[in-house]
Amino acid sequence: MLTNRDIADIFEKCANLLQLKGESIHRYLAYQRAAETIRELPRDLRAISAEKGLVDLPNIGKTLAEKIDEMLTTGKLAFYEKLTAEIPVGLIDIMNINGVGPKKAMLFYQELGITTVEALKSAAAAGKLRDLPGMGAKSEQKVLEGIASLSRHTGRISIGIALPSAQAILDELLRLPNVLEGALAGSIRRGKPTIGDIDILIAVADMAHAPAIMDYFVAMPIVARILGHGETKSSIELQNGLQADLRVLVKQKWGTALNYFSGSKEHNVRMRQLALAKGLSLNEHAFSPVDADGNILEDAPKIYCDTEEAVYAQVGLPFIPPELREDAGEIEAAQRGELPNLITLNDIKGDLHMHTTYSDGVASIQQMAEEAYARGRQYIVITDHSRSLGIANGLSIERLLAQQAEVRHVDALMYGKIRVFHGTEMDINADGSLDYPDDVLAKLDFVIASLHVSLRQDRDKITQRLLNAIQNPHVDMIGHLTARYIPDREPVDADMDVVFDSVKAHGKVLEINANPRRLDIDASYVRRAVDMGILLAINTDAHQPSHLDLMPYGVMTARRGWAEARHVLNTYPTDEFIKWMESKR
DNA sequence: GCCGTTTTCGGCCCGACTGTTTTCAGTCG
């Protein structure tokens, strides 16, 4: 049975094959956009298809809806098979080599019969590429470097790795002379869970200062390879395989540039359309007046924006926070004056999920309390693993009760600083049972139920396990609902329509697990929870004190899902959180 | 192939950089 992801992947491959065939770029983009839409979809295509709702999805028209239905019913796509009969799929991998595009890939295929990266590597090493038209010794060398780089990193990298690494580079550049302003742009700024590359912008008063900054950038010790080194733009590959792009621009263009390079592409397209409706062409440099045919009027004065607020004001909109810029309704919401008042890190008062040395954490209850207090938390819940999770030293009922005595003791010790409550992260067992009996759960302040084992069970089983947990009156929250782990582990296969309805009906909380390897639930599910009126909680799931610092990743995910502070349980002040817990008893 | 309160046909992404050119094509974001 094909999943959303499978179908998105097939469309993505169709897009690549069409590009290799030299089809119109717009047809290629149509498949590309459809793949992207499906990838970000919070619901099952199967359910949407049953409702005849496929054509209502953005970027899905009659043709692609039919193709989706074909895949859902037959598990295959004839169009895709026809394409692969014409063009070897191995060329897609070759095209993914940095510096090799569709034209070069086809050239290697047609001239030398190359269909795999391995064959291309041998040909390049044997010096067979340099004599092809448009190639030379340098291009051949670049192909070899591109293949080497390919093996160093696999696709997108967790924001938990990319963000600190990007911030360190930015901080270094900000210390250089003549740098007026600097920022991270791209998907890092929008808080995406995975990052393709790092985008850095630096503003100067005079472009004469740019080359020195570029020279410094490409000479930094973390640079593994220089991919490009120009006057206004340079690209490097870091030791960890990530690519970082730096652009230097004059301060006058800061707003348009930051907006442009923050994306998303889809959001930018909408921004350009809004500008055109006002007779202006928008790019990273400025707004330029255009004539009725859309041609730029060269002698008309351009409009420069040195802030993003000014860019949005120019198209008649309020500032739109970067996390919302996905063309997922944010433009329309801004036009109606109904943008959400997004949650911020400052709104977070508590942390409802963390581990100690009782199970697989490395710090004591008291240490975790002290560390959380040092980070400004007003309350925490200690939630160690339950008895069946032997690998994590899960707590027997006796140890759980003994732990409660220590939690109460620490709570008293910390009085006036931080409140410490006692909970559990209880396993939802493989057979669907819960790992502690109800009379034990009744003694706890806060109960999380989570999936940790048998994650590859079929949809019915997983769904039933989740429903069992949701329907138990003592369970307060479902932890990391889909149990995905970036990048290795796919989310569990459950009927989320049914699960969300049940969560809503039973008044349970859904966790946004802030660990950047999890970010679970993800932004699309957050948005669905917000729309349905399901309460959320953003927790670090800390296994050591430093993990308490992961909260910002959870907040970014919440913001990407349009969550406001009022949608999130652990923004409540302590007394209200206590009232909430009491109301559940 | 999608999309539309300027259009159901004719738009959709274009600028910087590189390497091979001999004025430009291919790639990338």
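Lettering follows sequence order; numbering is per chain, from 1. We use all heavy atoms of the structure for the numbers below, so side chains are in, but hydrogens, waters and symmetry mates are not.
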Notebook entry, point to check: Looking across every strand, which nucleic acid part, if any, lies under 4.0 Å from Pro133(A) by heavy atom: base, sugar-phosphate, or nothing?
Noted result: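 Counting heavy atoms under 4.0 Å across all strands, no contact is made by Pro133(A).
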Notebook entry, point to check: Does the ring center of Tyr31(A) lie less than 6.0 Å from the ring center of Phe79(A)?
Noted result: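 For Tyr31(A) and Phe79(A), the ring centres are under 6.0 Å apart.
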Check: Given the side-chain rings of Phe500(A) and Tyr525(A), with only the six-membered ring counted for Trp, is the space between their centroids under 6.0 Å?
Finding: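 Under 6.0 Å, so yes.
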For nucleotides [N] and [M], find the distance between their [atom1] atoms and express it as a whole number of Å.
{"N": "dT7(B)", "M": "dC12(B)", "atom1": "P", "result": "16 Å"}
{"N": "dG10(B)", "M": "dT6(B)", "atom1": "C1'", "result": "13 Å"}
{"N": "dT18(B)", "M": "dC13(B)", "atom1": "P", "result": "26 Å"}
{"N": "dC28(B)", "M": "dT20(B)", "atom1": "P", "result": "16 Å"}

Are OP1 or OP2 of [N] and a side-chain N or O of [X] less than 4.0 angstrom apart?
{"X": "Ser24(A)", "N": "dG1(B)", "result": "no"}
{"X": "Gln273(A)", "N": "dG4(B)", "result": "no"}
{"X": "His229(A)", "N": "dG19(B)", "result": "no"}

Margin query: Could you check dT7(B) for me: syn (within 90° of 0) or anti?
Written below: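 Syn conformation for dT7(B).
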Taking the side chain of [X] as heavy atoms from C-beta outward, which of [options] is closest to it?
{"X": "Lys67(A)", "options": "dG1(B), dT27(B), dG15(B)", "value": "dG1(B)"}
{"X": "Lys142(A)", "options": "dG1(B), dA16(B), dT18(B)", "value": "dT18(B)"}
{"X": "Lys138(A)", "options": "dT20(B), dG26(B), dC2(B)", "value": "dT20(B)"}

Note to self: Any carboxylate oxygen within less than 4.0 angstrom of a Lys/Arg side-chain nitrogen, looking at Arg190(A) and Glu326(A)?
What the structure shows: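 Judged by the 4.0 Å cut-off on N to carboxylate O distance, Arg190(A) and Glu326(A) do form a salt bridge.
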Notebook entry, point to check: So, the side chain of Asp306(A) versus the backbone of Trp254(A): is there a donor-acceptor pair under 3.5 Å, distance only?
Noted result: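 Between the backbone of Trp254(A) and the side chain of Asp306(A) there is no qualifying donor-acceptor contact (under 3.5 Å).
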